[in-house]
Amino acid sequence: LVIAGSKLYPGAALLSAKSALRSGCGYVTCAVPENISFFPTYPNALIFRFILSSSGYFSSKSLEQIKEILSDCSACVIGPGIGTNKHTIKFLQEIIKYFPATVFDADALNIFAENGEFANFASPAILTPHYCEMARLAKNILKIDIGSYDRVSLACMLAEYTGATVVLKGHQTVVAEKGKIPMINSSGSPALATAGTGDVLSGLIGTFLAQGHNAFDAATVSVFIHGLAAELSPKGMRGLIADDLVELIPLAMKEISPFA
């Protein structure tokens with residue numbers, strides 16, 4: 001299940017959900033707030049659920065529908081484009097205890113940071129901050145200055161504090177988990193600094209969680225495939241956008257294994 005999008009950012013939901021489909025998830029449901037506009041074309045294989053909302057954002061009105069969908073899901077992605085208004089904050093705080101293995105991305109992380117608290121994750125959790133999101137989490141959750149620590153240390157500290165797997169995105173993305181040696185990714189290109197590519201990564205990780213991989217392995221393999229897909233771009237680096245990246249995921253997986 002991908003819980004994403006709002007009236008301001010409908011495309012984020014589509015990027016994450018399409019990525020999950022393209023990376024091999026057998027059945028993807030994309031839950032979005034009701035009455036938000038989409039581009040006219042999207043994969044027929046993608047299941048949409050339009051959820052009761054408050055002014056185009058998830059809210060307490062959304063809870064019962066989301067809980068019902070979650071009961072049939074083996075993994076979840078939440079955060080891309082959901083916003084950080086008061087309705088969405090309350091929704092996340094109330095729904096989090098129902099999650100299976102979950103990727104928390106984008107605005108889900110901003111909500112955690114803004115409220116100065118972290119959930120007690122009942123299931124495996126993966127946090128996927130980029131540098132600015134990590135800066136907010138470091139300041140408000142870890143109570144430290146991000147500039148005083150290297151990227152590996154920051155990822156390990158957040159993993160230790162939260163008990164979650166942490167994917168600190170950027171050049172040489174770091175994957176950290178308490179009790180494990182952190183992994184530093186070797187694939188990728190500057191094109192991954194463009195808008196929406198993080199949404200693509202969240203869907204990819206969600207796929208491997210849904211297939212039964214543990215959080216650390218799901219994050220590590222997804223980060224590498226995500227970077228390799230960018231390297232394979234026939235449009236070079238400047239012209240690659242997140243929409244293109246989704247379509248390159250199958251090629252990246254096939255590059256790794258002819259049976260992918």
Side-chain angles (χ1 to χ4, degrees), residues 1-59 61-62 65-66 68-83 88 91 95 99-100 102-108 128 191-192 194-211 218 222 225-226 228-230 232-235 239-254 260:
L1 172 64
V2 174
I3 305 171
S6 64
K7 67 177 182 181
L8 286 182
Y9 305 107
L14 198 54
L15 286 169
S16 185
K18 285 175 66 177
S19 173
L21 276 179
R22 283 295 187 189
S23 51
C25 198
Y27 191 98
V28 180
T29 299
C30 187
V32 296
E34 62 184 350
N35 301 324
I36 67 172
S37 300
F38 273 95
F39 296 111
T41 60
Y42 53 81
N44 292 324
L46 186 57
I47 310 302
F48 275 103
R49 293 287 182 266
F50 294 95
I51 307 299
L52 289 173
S53 64
S54 297
S55 304
Y57 293 91
F58 291 107
S59 70
K61 295 179 181 178
S62 313
Q65 285 176 279
I66 294 293
E68 182 179 350
I69 301 169
L70 276 170
S71 66
D72 291 327
C73 293
S74 53
C76 178
V77 173
I78 185 167
I82 63 173
T88 311
F91 165 73
I95 198 66
F99 284 145
T102 297
V103 181
F104 294 91
D105 186 35
D107 283 330
T128 59
L192 294 177
T194 57
T197 59
D199 304 331
V200 174
L201 178 60
S202 68
L204 233 171
I205 299 173
T207 286
F208 284 99
L209 282 179
Q211 293 173 353
S222 296
I225 291 169
H226 184 251
L228 181 58
L232 295 175
S233 170
K235 299 178 181 179
L240 180 69
I241 61 174
D243 302 70
D244 304 323
L245 189 63
V246 173
E247 305 306 320
L248 292 167
I249 288 172
L251 298 179
M253 295 178 77
K254 194 172 181 182

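In what follows, residues are counted from 1 in the order of the sequence shown.
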Holding to side chain to side chain donor-acceptor pair (under 3.5 Å), I want the full list of residues that pass it with [X], two or more places apart in sequence or in another chain.
X: T128; answer: D105
X: K254; answer: none
X: S62; answer: none

Any idea which heavy atoms bring [X] and [Y] closest together, and the distance?
X: I249; Y: S19; result: CD1-OG, 3.4 Å
X: A210; Y: S74; result: O-OG, 3.5 Å
X: G206; Y: V103; result: N-CG2, 4.0 Å
X: A4; Y: P80; result: CB-O, 3.2 Å
X: V200; Y: A242; result: CG2-O, 3.8 Å

side-chain contact (heavy atoms from CB on, under 4.5 Å) with [X]: which residues, sequence neighbours excluded?
X: T207; answer: A20, S23, C25, Q211
X: N35; answer: none
X: A17; answer: V2, V28, C30, L46
X: P100; answer: L70, C76, T102

Under a 4.5 Å cut-off applied to non-hydrogen side-chain atoms, are [X] and [Y] in contact?
X: V246; Y: L15; result: yes
X: S222; Y: L201; result: yes
X: I78; Y: F99; result: yes

Any residue meeting ring-ring contact (aromatic ring centres under 6.0 Å, His included) with F48, in chain and number order, not counting sequence neighbours: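 By the ring-ring contact (aromatic ring centres under 6.0 Å, His included) rule, F48 matches F38, Y42, F50.
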Going by the salt bridge (charged side-chain N to carboxylate O under 4.0 Å, His left out) test, which pairs reach into residues 20-31, not counting sequence neighbours?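 Listed by first then second residue: R22-E247.
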Validation: residues 51-59 side-chain donor-acceptor distances under 3.5 Å, sequence neighbours left out:
{"unit_1": "S54", "atom_1": "OG", "unit_2": "S59", "atom_2": "OG", "d": "2.8"}
{"unit_1": "S59", "atom_1": "OG", "unit_2": "K61", "atom_2": "N", "d": "3.2"}

Would you compute the distance between atom [atom1] of [X] and atom [atom2] of [Y] and round it to the nearest 0.5 angstrom?
X: R49; Y: I69; atom1: CZ; atom2: CD1; value: 6.5 Å
X: T88; Y: D107; atom1: OG1; atom2: CG; value: 8.0 Å
X: D243; Y: L248; atom1: CG; atom2: CG; value: 11.0 Å
X: I66; Y: T29; atom1: CD1; atom2: OG1; value: 10.0 Å
X: T197; Y: H226; atom1: OG1; atom2: NE2; value: 5.0 Å
X: C73; Y: L209; atom1: SG; atom2: CG; value: 12.5 Å

D199: partners by salt bridge (charged side-chain N to carboxylate O under 4.0 Å, His left out), with sequence neighbours left out: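 By the salt bridge (charged side-chain N to carboxylate O under 4.0 Å, His left out) rule, D199 matches no residue at all.
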Would you be so kind as to tabulate the donor-acceptor pairs closer than 3.5 Å made by side chains of residues 5-12, with sequence neighbours excluded?
{"unit_1": "S6", "atom_1": "OG", "unit_2": "L8", "atom_2": "N", "d": "3.4"}
{"unit_1": "S6", "atom_1": "OG", "unit_2": "Y9", "atom_2": "N", "d": "3.4"}
{"unit_1": "S6", "atom_1": "OG", "unit_2": "G81", "atom_2": "O", "d": "2.8"}

